[in-house]
Every structure is written in structure tokens, then in C-alpha cells.
Amino acid sequence: MSEQSTLAAEIRDRAGKGAARAARREGRIPAVIYGGKKDPVTITILEKDLVKELHTGTFFSTVYQVEAGSVTEQALPREVQFHPVTDRPEHVDFLRIAKGATVAVEVTVHFINEDKSPGLKQGGVLNVVRHEVEINAPATSIPDEIVIDVSKYEIGDSIHISEVELPEGVTPTITDRDFTIATIAAPTVAKTEAEEDAEAEAEAEEREEEDKGED
């Protein structure tokens with residue numbers, strides 16, 4: 001499970017583009033903490049601290065204790081805006097976490113025991129359809145990753161979410177179908193019908209999610 005980390009911040013008294021640019025010139029990144037039926041709190045974070053956390057690979061699944069003077073908030077990163085040219089972070093949105101809250105987060109999938117899989121030992125290929133899975137999890141115990149044991153799978157097998165042992169209290173956000181996470185593909189260039197269906201399903205879901213984002 002992701003451990004809670006502390007993130008030092010400063011209250012940002014002034015809003016607006018001018019104040020944001022001034023903060024960035026000082027090596028600080030503007031941010032906001034919102035939600036929880038409370039007023040938003042505008043803050044700044046040291047850019048070097050933010051970059052360090054982004055490089056952990058678990059930034060968006062970590063609940064931070066954000067400390068800004070006398071203000072302390074439990075918050076989950078939701079979005080980071082980057083400069084289109086330099087790719088430097090420019091702004092961060094944090095979601096305030098209430099006690100006992102459940103959150104939806106995307107968690108990386110990690111496969112183990114590939115050397116014990118009959119299908120892979122016969123020359124099959126692990127074809128990953130979903131590198132991340134969106135889950136609902138208690139905010140205080142978000143898993144770092146979803147672990148999938150492939151030791152029993154043969155060539156032609158598909159690994160569905162129903163076969164994955166999720167931590168207690170964790171459920172997939174997609175509940176209307178038993179979606180595919182990976183397949184064990186035959187060692188040929190041609191794809192099986194199951195692989196094509198799985199990839200088509202994943203692509204359709206990605207387009208659906210993008211359409212929702214545009215709305």
C-alpha cells in the first residue's frame with residue numbers, strides 16, 4: 001500500500017496569472033486543494049519537491065499530508081499541468097480527502113512468475129492490454145500496484161479482472177463487464193481473435209474516456 005507522504009507548501013495569498021508566474025520565477029509551482037465541501041486552498045510547492053514526487057511513479061496514487069503553515073490537509077493529486085514546450089510542471093490540482101473516503105485512482109499492473117508460465121516457457125508472448133487499471137480504494141490504503149501471477153497461464157489464455165486477487169476493500173471501477181488485462185499470445189506475427197477483441201475493447205474504452213474528458 002502507498003504510504004502517506006508529507007509535502008511542504010506555502011499559502012498563496014494572491015491568485016491570477018501574474019502571481020502564478022511570480023511563484024514560478026521563485027522556483028515554486030502554484031497548486032490548489034479542493035473538495036470535501038470546503039473552500040479551496042491555494043498554495044505553492046517547491047518545484048524540486050514536486051519533480052521528485054513525480055519521478056516516484058506513484059504520485060497520483062499517494063495521499064499526501066500537505067503542510068502549509070498552520071494549515072494541514074490530506075490530499076490526493078488529481079492533475080498536473082505542464083508547459084507545452086519545456087514540459088516543466090506549471091500547476092497541480094489536489095483533491096481534499098475526508099476521513100473514511102474512497103477514491104478512484106489508476107494503478108500500475110505488475111506481472112510476476114513469468115518464468116513459471118507454461119505458455120511463456122513455450123515461446124508465447126505476454127500481450128499487455130492494460131498497463132494500468134482504475135480502481136476504487138480506501139484513500140488511506142491505495143495499493144502501489146496490482147500484482148498478477150501468470151504462472152498458470154497457457155498460450156491462448158486471457159487474463160480477466162475477475163481472476164485478479166485485489167487487496168481488501170479494492171474494487172475495479174468498471175463493473176459492467178469482465179474486462180481483459182492481458183493475453184498469452186502465440187509466438188507468431190498474426191494475432192489471435194481473442195487478442196484482437198481485447199485490443200479493440202481497450203481502444204474503444206480509451207476513446208470513450210477521451211470523449212468524456214472533452215465533454
Chemist: For Phe59, give me all partners under ring-ring contact (aromatic ring centres under 6.0 Å, His included), at least two apart in sequence or on another chain.
Modeler: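 For Phe59, the residues satisfying ring-ring contact (aromatic ring centres under 6.0 Å, His included) (neighbours in sequence not counted) are Tyr64.
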Chemist: Not counting sequence neighbours, which residues clear side chain to side chain contact (heavy atoms under 4.5 Å, CB included) with Ala75? List them please.
Modeler: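 With sequence neighbours excluded, Ala75 shows a side chain to side chain contact (heavy atoms under 4.5 Å, CB included) to Ile33, Val66, Phe94, given in chain and number order.
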Chemist: Not counting sequence neighbours, which residues clear side chain to side chain contact (heavy atoms under 4.5 Å, CB included) with Ser70? List them please.
Modeler: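 Partners of Ser70 under the side chain to side chain contact (heavy atoms under 4.5 Å, CB included) test: none.
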Chemist: Does any non-hydrogen side-chain atom of Val128 lie less than 4.5 Å from one of Phe111?
Modeler: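 Yes, their side chains come closer than 4.5 Å.
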Chemist: If you measure only the distance, is there a donor-acceptor pair under 3.5 Å linking the side chains of Glu134 and Thr173?
Modeler: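 Per modelled atom types, Glu134 and Thr173 side chains form a pair under 3.5 Å.
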Chemist: So, Glu67 versus Gln65: side-chain donor-acceptor pair below 3.5 Å or not?
Modeler: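 Yes, because at least one side-chain N or O of Glu67 sits under 3.5 Å from a partner of the opposite role on Gln65.
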Chemist: Which pairs pass side chain to side chain donor-acceptor pair (under 3.5 Å) with one or both residues in residues 108-125, sequence neighbours excluded?
Modeler: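 Passing the test, one end in residues 108-125: Asn113-Asp149.
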Chemist: By side chain to side chain donor-acceptor pair (under 3.5 Å), which residues pair with Arg21, not counting sequence neighbours?
Modeler: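 Scan of Arg21 (side chain to side chain donor-acceptor pair (under 3.5 Å), adjacent residues dropped) gives none.
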Chemist: Apply side chain to side chain contact (heavy atoms under 4.5 Å, CB included) to Val133 and Val107, showing your working.
Modeler: CA-CA 5 Å; Val133 171; Val107 179; 5.9 Å; no
Chemist: Check whether any side-chain heavy atom of Ile184 sits under 4.5 Å from a side-chain heavy atom of Val125, and report yes or no.
Modeler: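 Heavy-atom side-chain distance check fails, nothing below 4.5 Å.
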Chemist: Sequence neighbours left out, what passes side chain to side chain donor-acceptor pair (under 3.5 Å) with Asp93? Give chain and number order.
Modeler: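 Partners of Asp93 under the side chain to side chain donor-acceptor pair (under 3.5 Å) test: His91.
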Chemist: Listed by chain and number, what are the salt bridge (Lys or Arg N to Asp or Glu O under 4.0 Å) partners of Arg177, not counting sequence neighbours?
Modeler: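 If we apply the salt bridge (Lys or Arg N to Asp or Glu O under 4.0 Å) test to Arg177, skipping adjacent residues, the hits are Glu201, Glu205.
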Chemist: Could you list the residues that satisfy side chain to side chain contact (heavy atoms under 4.5 Å, CB included) with His55, not counting sequence neighbours?
Modeler: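 So His55 forms a side chain to side chain contact (heavy atoms under 4.5 Å, CB included) with Val51.
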Chemist: Checking Glu90 now: which residues fulfil salt bridge (Lys or Arg N to Asp or Glu O under 4.0 Å) with it, not counting sequence neighbours?
Modeler: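 Here no residue qualifies.
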Chemist: Any side-chain heavy atom of Pro172 within less than 4.5 Å of one from Leu166?
Modeler: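 Answer yes - side chains close enough.
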Chemist: Tell me, please, which residues at least two apart from Arg96 pass side chain to side chain donor-acceptor pair (under 3.5 Å).
Modeler: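 Expected list: Glu73.
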Chemist: With sequence neighbours excluded, what pairs up with Ser162 under the side chain to side chain donor-acceptor pair (under 3.5 Å) test?
Modeler: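 Asp178.
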Chemist: Kindly write out the residues that satisfy salt bridge (Lys or Arg N to Asp or Glu O under 4.0 Å) with Glu10, not counting sequence neighbours, or none if the list is empty.
Modeler: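 Salt bridge (Lys or Arg N to Asp or Glu O under 4.0 Å) list for Glu10, sorted by chain: Arg28.
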